[in-house]
Amino acid sequence: MIKIKDIHKYYKMGKSSLHVLKGINFNVEKGELVAIMGSSGSGKSTLLNILGLLDEATEGEYILNNIPIENLNETKAANYRNNLLGFVFQSFNLINYKNALENVALPLYYQGLRKKKRQQIAIEYLEKVGLKDWATHLPSELSGGQKQRVAIARAIASQPKVLLADEPTGALDTKTSYEVMKLIQDLNEEGNTILVVTHEEDIANMCKRIVRLKDGVITEDKKIKQVLAKVD
Ligand code: ADP
Ligand code: MG
C-alpha cells in the first residue's frame, strides 16, 4: 500500500536548511495498524504529511497504492488525497459552523456525489462511530471524544486506502483516548490500513507494529502483540 525509499526532507530556513528526515525506508501492507512513535521534533508529522501528500519529500521514492508519487501538481495531489487518503488530526479540524452530518458529508461533495447520497453516507458513518443521534449538533456542542469520532467518520466516509492520524488522542483524556483507539482498532479489524502518530507508549501498544523515529531516522521497526483498548 505504501512504499517509501530513502526519503529525505530539508526545510529551507533562510540561507541555511534543516535536515529533518534523513533517509527513511519502510513499507506498509494493506490491513496494517502502524504506530509512528518518537519524541517531539523527531519528524513524525513531517513524515505523515509527506505520506499524506500534504508536503513533498526533498529526495527519495514514494509509491502509494502502486502510484509513484513525484512532481504532483496541486490538482493531482488534491485528487489523490480525496480518493486515497483519510486524515485525522489532534485538533479535530472540524468546520465550526457546520453540524456533524455536514462535516462528514463535505469530502463526499469533492467526490462528486449528489446531496442525497452524501447525506445517506454521512448518516451511515455517524452511526458507525456511535453518533447518529448527534447528526444535527455543531462541534461546539460535542465533547472532545465526540468531535474526534466525527472527524474519524469524515475521514473514512470516502473509503480511503489509508487512514493517517496525527496524534489523534493528543487532546483527549485517557478514557476518551482509549475509546478513540477502540474505534481505530475496530476499523482496522474491518481491513482498513491505518497509521497513527503518537508519542504515548500505551497508545502505540494498541497498534500492531511500532516504527520509532529519532532525529529523522528510524531506530526501530517491530511487530508487536496488540493491546486491546478497554472501554467500560
Ligand atoms: P514531530 O511531529 O515529531 O514533533 P515535526 O515533523 O513536526 O516533528 O518537526 C520536525 C522538525 O522539523 C522540528 O525541528 C520542527 O521544528 C521542524 N519543522 C517542522 N515543520 C517545519 C516547517 N514548515 N519549516 C521549518 N521547520 C519545520
Ligand atoms: Mg507532530
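One-based numbering, in listed order, for ligands and for the atoms of each.
- Distances from atom 27 (C) of ligand 1 to the protein include at least one heavy-atom value under 4.0 Å.
- Below 3.5 Å of separation, one finds an N or O of G41 facing an N or O of ligand 1.
- Between K161 and E32, none of the side-chain N atoms (NZ, or NE/NH1/NH2) sits under 4.0 Å from a carboxylate O, so this pair counts as no salt bridge.
- From the protein, the heavy atom lying nearest to atom 14 (O) of ligand 1 is L18 CD2, 4.1 Å.
- A salt bridge is absent between D166 and K44: the closest approach of a Lys/Arg side-chain nitrogen to an acidic carboxylate oxygen does not fall below 4.0 angstrom.
- Ligand 1 has at least one atom lying under 4.0 Å from a heavy atom of G43.
- Under the 4.0 Å criterion applied to side-chain N and carboxylate O atoms, E102 and R154 are not assigned as salt-bridge partners.
- Using a 4.0 Å cut-off between charged nitrogen and carboxylate oxygen, K128 and E124 do not count as a salt-bridge pair.
- Looking from atom 7 (O) of ligand 1 to the surrounding protein, the closest heavy atom is S45 CB, 3.7 Å.
- With 3.5 Å as the limit, one finds no donor-acceptor pair spanning the side chains of N99 and N103.
- Checking side-chain atoms of E59 against main-chain N and O of D6 turns up no donor-acceptor pair under 3.5 Å.
- Residues T46 and Y11 bring a donor and an acceptor atom of their side chains to less than 3.5 Å of each other.
- Counting protein heavy atoms only, atom 19 (C) of ligand 1 is closest to Y11 CE1, 3.4 Å.
- For ligand 1, the atoms closer than 4.0 angstrom to any heavy atom of M13 are 25 (C).
- Nearest protein neighbour of atom 5 (P) of ligand 1, counting heavy atoms only, is T46 OG1, 3.7 Å.
- Between G216 and ligand 1 there is no heavy-atom distance shorter than 4.0 Å.
- If you check the side chains of K208 and N188, you find a donor sitting under 3.5 Å from an acceptor.
- S40 lies apart from the Mg ion (ligand 2) in this respect, since none of its N, O or S atoms is found at a distance under 2.8 Å.
- Within the 4.0 Å heavy-atom shell around ligand 1 one does not find H199.
- Residue-level proximity to ligand 1 for V20 is carried by the side chain, the only part with a heavy atom below 4.0 angstrom.
- Using a 4.0 Å cut-off to heavy atoms of S39, the atoms of ligand 1 that qualify are 3 (O).
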Let me see the working for Y80 and N65 under side chain to side chain donor-acceptor pair (under 3.5 Å), right down to the final yes or no.
CA-CA 10 Å; Y80 288 153; N65 194 40; over 6 Å; no
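- Protein heavy atoms are absent from the 4.0 Å sphere centred on atom 16 (O) of ligand 1.
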